[in-house]
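For reference, the structure is listed below as structure tokens.
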Amino acid sequence: MKIYRIAYLSIITTFLLLAAFSPVRAQSMSDYTFTPSSGTFLSLNGATVQRTVNDNLDEGYYPLAPIGFNFKYNDVVYTTVSASTNGWMSFGNLAATGILENTLTSGLSRPIAAPLWDDLAVNRTNGSVSYLTSGTAPNRRFTMQWINMKWKSSASTGVISFQVILYETTNAVQFVYRQETGALSCPNAENCSASIGLAATLTGSGNFLSLSDSGTNPTVSTTTETTDIGTRPAEGQTYTFTPSAPTCSPTPNLEKIAFVSLRDGNGEIYVMNTDGTNQINLTNNSADDSDSSFSADGSRIAFRSNRDGNFEIYVMNADGTNQIRLTNNSADDSVPSFSPDGNRIAFRSNRDGNQEIYVMNADGTSQTNLTNNSGFDNSPSFSADGSRIAFASTRDGNGEIYVMNVNGTNQTRLTNNSDSDSAPSFNADDSRIAFVSTRDSDNEIYVMNANGTNQTRLTNILGRDVEPSFSPDGNRIAFRSERDGIAQIYAMNADGTNQTRLSNFSGNDLYPSWGRQTNGTSCTPTPTPTPTPTPTPTPTPTMTPTPSPTPTPNTPPNAVNDVSSVNEDTTLNINAPGVLGNDTDGENNALTAVVQTSPARGKHD
């Protein structure tokens, strides 16, 4: 086994926005180490078999699949991927139209991973594309699997199967191959001419990694793409791309405050340092974006937007990239709040006729009504331990603060007075809840114990003080105040002292959300993998057509049964947002159902 270290150092522009969010240097494709090896192709057991969005097994593309953990690719965090029938997958974007013309240099739907990019097709008889997340944190693995692929699309039988495996923590990308029984043949005078490698979001030299061939020891280039690979990789051939460990330097403050600003004439999501400096527009479009909410690890921001016609819940990376819609219906969805582990999002929706608290997976699936009553339920906020959700409700005649279990059970009122209480926010250790109340004739910030006792006013000044958000350590609270005649972002100590204005623009600034830091006050380097990363299958000295070794705890997903017998054409799948419709053209004889959802309005009035 030989390890090639990519020598070419591409010239990349370091954006101030990325620098503002990360204590590490920006990563280029040349920072990946390439390792060829021999291993074992382990077919997935219990995988989700996908169905093409465009009902095509030739030039098809698949719905966004949830990775199941935060995967950092080329220094950007992604949570979803989309596969193409033509042997590649896109990070965070739909692999639209399938794109059969292989070009790592300038191809669309970037960034991408391409284990075998050519004019391929899923064999109708016994082929499939599926995915599976396996293992336990922090060593989970996501596998996208192509079984019995025809190369070219006009071929009569499947000749190759392959996988892309994404590894949590190391952020390694791995390709694994298996030869099928069909003989390689490129009919009708077609040439088998594939590309194998990775591509970044940007195009051109330095923004891709291309393998020279499909042998046991190919070289890799960031400047010259090989587009004429015509030989099947060997049985169990494995190619691993591992990013180098980032160079970390302690930073006194990794926290950010996300907020909404109308300074540009419409609502946009901004971020700033916790002292008010370095205010940056992340969304920058003509629609209204609002209700910003950081994930607990600070890597993502959920928000609402009407860019697609009505208010829906969206999510993006903390630097503004990879903006993805999660809900899709004619109602109003708003006020998203991440769970502490980042796997779920609570939000408000009126899709059932009145405002209710819903929860969904972080990829938009499994949208569930938790409150389901005739009152107006609003402003969900997860507890730091993830076991409860605080929210406001008018079910008893006026706005009060309630708390419930994350499954919607045990809904309990915490406040009880004739005025309006709203906008609850848990602190870092779940001992206290900040909220807004009009009990003293004006909107003021209050705090109480998590059981509703000891309700104490923190602000006391003419002008609305609303939308409290605790800092990660619970020592400070960001909030919006109109005390100076215009809505601006302020911060104060958790006891109400040292109230300080952070934003200062002529447009209203609203909805602050204090970003949680992941690793204290300095970054933690990604562990440097050994030459053969731990997750790589144990090499076998002699290749057999279908080996079935028992994987070690850190080997690829534990599976022994091949899903190649599953016919995609006869499978019912409910996978991702899209269009509900029946298959009528005979390409795939199944029903595809798609969950749709919709928009919402501000946090409270």
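None of the values given here were measured: they were computed from a predicted structure. For the single chain, residues carry numbers from 1 onward in sequence order. Side chains included, hydrogens not; waters and symmetry mates left out as well; all remaining heavy atoms used.
- Cation-pi check for R140 over F69 is not met; the charged atom does not lie both under 6.0 angstrom from the ring centroid and within 45 degrees of its normal.
- Not counting sequence neighbours, the partners of T371 by the side chain to side chain donor-acceptor pair (under 3.5 Å) test are E356, D377.
- Taking all atoms of both residues into account, the shortest heavy-atom contact from V466 to V436 is CA-CG2, 3.6 Å.
- Between F208 and T103, every side-chain heavy-atom pair lies at or beyond the 4.5 Å cut-off.
- No side-chain heavy atom of R476 sits less than 4.5 Å from a side-chain heavy atom of E255.
- Looking only at distances, no side-chain donor or acceptor of S503 sits under 3.5 Å from a matching main-chain atom of Q488.
- Taking the six-membered ring where the residue is Trp, the centroids of Y270 and F259 are separated by under 6.0 Å.
- Each of T201, L166, T80, V77 was scored for a side-chain contact (heavy atoms from CB on, under 4.5 Å) with F91, with one residue passing: L166.
- For the residue pair A258 and I301, the shortest heavy atom distance occurs at CB-CD1, 4.1 Å.
- Nearest heavy-atom pair, L458 versus A494, reported as atom, atom and distance to 0.1 Å: CD1-O, 3.7 Å.
- At distances below 3.5 Å, at least one donor-acceptor pair connects side-chain atoms of S292 with backbone N or O atoms of Y511.
- In this structure, the side chains of P111 and N93 come closer than 4.5 Å at one or more pairs of heavy atoms.
- Contact between I389 and F426 at its shortest, heavy atoms only, is C-CE1, 4.5 Å.
- Here the side chain of Y73 pairs a donor or acceptor atom with the backbone of I112 at under 3.5 angstrom.
- When T412, V406, N405 are each tested for a side-chain contact (heavy atoms from CB on, under 4.5 Å) with R388, only one passes: N405.
- Annotation: side chain of S420 is not in contact with side chain of N398 (no heavy-atom distance under 4.5 Å).
- Listed here is the closest heavy atom pair of I401 and A392: CD1-CB, 4.4 Å.
- Listed here is the closest heavy atom pair of W514 and F470: CB-O, 3.4 Å.
- Distance alone, capped at 3.5 Å, places no donor-acceptor pair between the R483 side chain and the I461 backbone.
- No donor-acceptor distance shorter than 3.5 angstrom exists from the side chain of T223 to the backbone of S205, with no hydrogens or angles considered.
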Q.
With side-chain contact (heavy atoms from CB on, under 4.5 Å) as the criterion, how do F376 and R348 come out once you've worked through the C-alpha distance, each side chain's angles and the decisive distance to 0.1 Å?
A. CA-CA 10 Å; F376 185 106; R348 184 189 82 187; 3.7 Å; yes
